[in-house]
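In what follows, a single structure is set out as structure tokens and then discussed.
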Amino acid sequence: MLETDPVTIALVDGDWSFSNGLVLLAAGLDAVVIGAETRMRLVYGEWILNRRVGVRWFANDLVPPVSAILGERYNEVRLRSELRGAILRTPSIVEILRLQTVFDVATRTATVTWSARSEFGDTDLNVLEIAP
């Protein structure tokens, strides 16, 4: 790993990855993808170290109901704007190549298909399902 590489905890099915009792790390393009997807899943106000980051998925003490993605009438423009911001705030991402959202009103599940250009190259096409 280069010291300029973003480094994060490696995830397998959304959970920390271990080998011989040690937490595995991801670097470079893999870390960029993990970082972007973590930011897209993070609920605004959830992280105790900075309650002003995350996606406004739900109304809470920092997000009025009218600004929440889930809980008000579905607004694709708002969803795409929130996700675009989350992706672009990921260290090393320089532009979004593709961002498509599909929202299932019955299950309140968002499916996000995305790819981005980073300092380490282009990500593959990623599909992320976000459910309450």
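Keep in mind the model is a prediction, meaning the values are calculated, not measured.
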State the [atom1]-[atom2] distance between [X] and [Y], to the nearest 0.5 angstrom.
{"X": "E82", "Y": "S67", "atom1": "CD", "atom2": "OG", "value": "8.5 Å"}
{"X": "E95", "Y": "L88", "atom1": "CD", "atom2": "CG", "value": "9.0 Å"}
{"X": "T123", "Y": "L97", "atom1": "OG1", "atom2": "CG", "value": "6.5 Å"}
{"X": "L125", "Y": "R98", "atom1": "CG", "atom2": "CZ", "value": "5.0 Å"}
{"X": "R41", "Y": "L128", "atom1": "CZ", "atom2": "CG", "value": "4.5 Å"}
{"X": "E76", "Y": "I69", "atom1": "CD", "atom2": "CD1", "value": "11.5 Å"}

Side chain to side chain donor-acceptor pair (under 3.5 Å) involving R51 - partner list, sequence neighbours excluded | D61
Shortest non-hydrogen contact from [X] toward [Y]:
{"X": "P64", "Y": "A59", "value": "C-CB, 4.2 Å"}
{"X": "R108", "Y": "F58", "value": "NH2-CE2, 4.2 Å"}
{"X": "V55", "Y": "A86", "value": "CG2-CB, 4.1 Å"}
{"X": "A116", "Y": "I87", "value": "CB-CG2, 4.4 Å"}
{"X": "I93", "Y": "A36", "value": "CD1-CB, 4.1 Å"}

Would you check, one step at a time, whether the test side-chain contact (heavy atoms from CB on, under 4.5 Å) holds for I34 with T38?
-> CA-CA 6 Å; I34 291 169; T38 299; 4.0 Å; yes
Does [X] belong to the same Ile/Leu/Val/Met/Phe/Trp/Tyr cluster as [Y], with side-chain heavy atoms less than 4.5 Å apart forming each link?
{"X": "W57", "Y": "L99", "value": "yes"}
{"X": "I130", "Y": "V33", "value": "yes"}
{"X": "V53", "Y": "L79", "value": "no"}
{"X": "V112", "Y": "V105", "value": "yes"}

How far apart are the C-alpha atoms of L83 and T101, what are their side-chain angles, what is the distance that settles it, and do they pass the side-chain contact (heavy atoms from CB on, under 4.5 Å) test?
-> CA-CA 9 Å; L83 294 175; T101 58; 3.7 Å; yes
Knowing that exactly one of M40, R39, E46 qualifies, which makes a side-chain contact (heavy atoms from CB on, under 4.5 Å) with L42?
-> E46
L70 side chain reached by F103 side chain, heavy atoms, under 4.5 Å = yes
Please lay out, stage by stage, how L24 and F18 fare under the test side-chain contact (heavy atoms from CB on, under 4.5 Å).
-> CA-CA 5 Å; L24 297 178; F18 293 91; 5.8 Å; no
Whether [X] side chain and [Y] backbone form a donor-acceptor pair below 3.5 Å:
{"X": "D104", "Y": "A106", "answer": "yes"}
{"X": "W114", "Y": "E37", "answer": "no"}
{"X": "N126", "Y": "D124", "answer": "yes"}
{"X": "S118", "Y": "G121", "answer": "yes"}

More than 12 heavy atoms of other groups within 6.0 Å of L49 CG | yes
Applying side-chain contact (heavy atoms from CB on, under 4.5 Å), name anything that partners N60, two or more places apart in sequence or on another chain.
-> V43, L62, V63
